[in-house]
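Every value quoted in this text rests on a predicted model; they were computed, and no experiment measured them. All ligand and atom numbering here is 1-based and tracks the order in the structure.
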Amino acid sequence: MISASHFPLVDKYNRKVTYLRISVTDRCDFRCIYCMGENMTFLPRAQLLTLEELEWVGQAFVEMGVTKIRVTGGEPLVRKNVLQLFQGLGKLNGLKELVMTTNGSLLEKMAKPLQEAGVKRVNISLDSLRPDRFAKISRGGDLNKVLRGIEAALTAGFQRIKLNAVIIQHRNHDEVINLVQFAIDQGVDISFIEEMPLGNLENRDRNEVFYSSDQIRQELKTVFTLIPSMETTGGPARYYHLAQTQTRVGFISPHSHNFCDHCNRVRLTPDGHLLLCLGQESAIDLKRVIRSHPGEIAPLKQAIIKAMELKPQSHEFLVNNSSPILRYMNFTGG
Ligand code: SAM
Ligand code: SF4
């Protein structure tokens, strides 16, 4: 049995798991070139956890000490009635941070209801400020819709908004300064993400396109003053304050192993698998547990505690095209 005084979510390397990321769907209205193939097969709807089951998993984790949940996808806002899930999670006692990652395309209408449901912060992906490029990278996305989504998020009153940009050589690497200036003008933060080798993407050689955080940082230093920040989220991000602004710049470098020692997170896939590491295949099937014990939270909690033993010490990313991980990012939820 689980005692309240004991924190049960500790893995065999003594790392506490306090952060759950939930991918609510693998579907999306974009097909970003680094995230998906052009022709994707998505999970049949019947294989997804229901919104009630997703909330049930969230509740189990929060009752065992998780304080932060990020809802992501695929594009979380394309999941039908997803607001209901946010409203349920937003009411969980003990959950300090309910946050979301979105491509922003549906935020114009959804920003305020999400904020009212208890979402504290949102990350919005923005890889380019040029409509033609934006459409190419996202294979059809409409930049103006996303910009309107960002505006709605600013008005809705979230505690913080962060832009996420995946930088790829010859696609958008010449926009890093403009993207930072845009973030400063909006009073929001921005993170640059190194492309991770997930899924086998046709016609792409990731060695050629890889653009490192170090390269971006050097370029930004020619224009901005970057002051290192001690802040950490237990993940692969390193943050800097930009002098004389409200804006912080993060660099997410999954190719460095350093952050694994402090990893505090696990991920739930849309079909109910709990992934213990983004860069490894270790997982357990929570949907099976939920459906064989309807309405009982104890077996679910025991399965989650047992899964902690499977959390690997570190990821094994390689910067090459023969990705060892065949899952696409839209499935694992970034
Ligand atoms: N659809 C939402 C969005 O785009 O923000 C949420 C899901 S998306 C998978 C989460 C984040 O993962 C996005 O910021 C996206 O840019 C990033 N991402 C997707 N594929 C990636 C890859 N192969 N390497 C690094 N980041 C990736
Ligand atoms: Fe969709 Fe986000 Fe993947 Fe782009 S990165 S295809 S917006 S899930």
**Student:** State if G74 counts as touching ligand 2 under the rule of any non-hydrogen atom under 4.0 Å.
**Tutor:**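 Flag set, G74 near ligand 2.
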**Student:** Just by modelled atom types, is the V99 backbone N or O under 3.5 Å from a matching donor or acceptor in the R70 side chain?
**Tutor:**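 Between the backbone of V99 and the side chain of R70 there is no qualifying donor-acceptor contact (under 3.5 Å).
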**Student:** At a non-hydrogen distance cut-off of under 4.0 Å, which region of I193 contacts ligand 1 (side chain, backbone, both, or neither)?
**Tutor:**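 Contact part for I193 vs ligand 1: side chain (C-beta onward).
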**Student:** Indicate yes or no: does an N/O atom of T102 lie under 3.5 Å from an N/O atom of ligand 1?
**Tutor:**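 Checking ligand 1 against T102, an N or O pair does fall under 3.5 Å apart.
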**Student:** Could you tell me whether a side-chain N or O of R265 sits under 3.5 Å from a main-chain N or O of V17, the two making a donor and an acceptor?
**Tutor:**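 Looks like no, no N/O pair under 3.5 Å.
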**Student:** Under 4.0 Å between a Lys/Arg side-chain N and an Asp/Glu carboxylate O for K287 and D271?
**Tutor:**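 No.
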**Student:** What about D127: any of its N or O atoms under 3.5 Å from an N or O on ligand 1?
**Tutor:**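 No.
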**Student:** Using a strict 4.0 Å cut-off to heavy atoms of G73, name the atoms of ligand 1 that fall inside it.
**Tutor:**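 Answer, ordered by atom number: 7 (C), 9 (C).
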**Student:** Do E309 and K12 meet the salt-bridge criterion of a basic N to acidic O distance under 4.0 Å?
**Tutor:**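 A salt bridge is absent here (no side-chain N lies under 4.0 Å from a carboxylate O).
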**Student:** With heavy atoms of S125 as the reference, note each atom of ligand 1 found under 4.0 Å away.
**Tutor:**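 Answer, ordered by atom number: 3 (C), 4 (O), 5 (O), 13 (C), 14 (O), 16 (O).
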**Student:** Heavy-atom contact under 4.0 Å between G74 and ligand 1?
**Tutor:**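 A heavy atom of G74 does come that close to ligand 1.
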**Student:** For R291, what residues pass the salt bridge (Lys or Arg N to Asp or Glu O under 4.0 Å) criterion, not counting sequence neighbours?
**Tutor:**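 So R291 forms a salt bridge (Lys or Arg N to Asp or Glu O under 4.0 Å) with E53.
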**Student:** Hey, is C32 touching ligand 2 through its side chain, its backbone, both or neither, going by heavy atoms under 4.0 Å?
**Tutor:**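 Both backbone and side chain.
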**Student:** Does T247 form a side-chain contact (heavy atoms from CB on, under 4.5 Å) with F182? I'd like the steps, not just the answer.
**Tutor:** CA-CA 10 Å; T247 295; F182 177 79; over 6 Å; no
**Student:** For the pair F251 and Y240, name the ring-plane relationship: parallel under 30°, tilted 30 to 60°, perpendicular over 60°.
**Tutor:**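 Geometry flag for Y240 against F251: perpendicular rings.
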**Student:** Number the atoms of ligand 1 from 1 as they appear, then name those within less than 4.0 Å of a heavy atom of T72, with their elements.
**Tutor:**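 By the 4.0 Å cutoff, the relevant atoms are 6 (C), 7 (C).
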**Student:** Run the salt-bridge test on K145 and E108 with the 4.0 Å N-O cut-off and return the result as yes or no.
**Tutor:**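 No salt bridge links K145 with E108.
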**Student:** Which is it for I124 and ligand 1 at heavy atoms under 4.0 Å: side chain, backbone, both or neither?
**Tutor:**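 No part of I124 is near ligand 1 at this cut-off.
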**Student:** Which of the atoms of ligand 1 are close to V166, meaning less than 4.0 Å from one of its heavy atoms?
**Tutor:**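 Counting from 1, the qualifying ligand atoms are 16 (O), 26 (N).
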**Student:** More than 12 heavy atoms of other residues, nucleotides or ligands under 6.0 Å from CD of E116: is that the case?
**Tutor:**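 Yes, enclosed.
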**Student:** Heavy-atom contacts with F30 under 4.0 Å: which atoms of ligand 2 show up? List them by number with element.
**Tutor:**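 Once the distances to F30 are compared, the set is 6 (S), 7 (S).
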**Student:** Has C35 got an N/O/S atom less than 2.8 Å from atom 1 (Fe) of ligand 2?
**Tutor:**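 It does not; every qualifying atom lies at 2.8 Å or beyond.
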**Student:** Ligand 1 and E195, any nitrogen or oxygen pair closer than 3.5 angstrom?
**Tutor:**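 No; every N/O pair is 3.5 Å or more apart.
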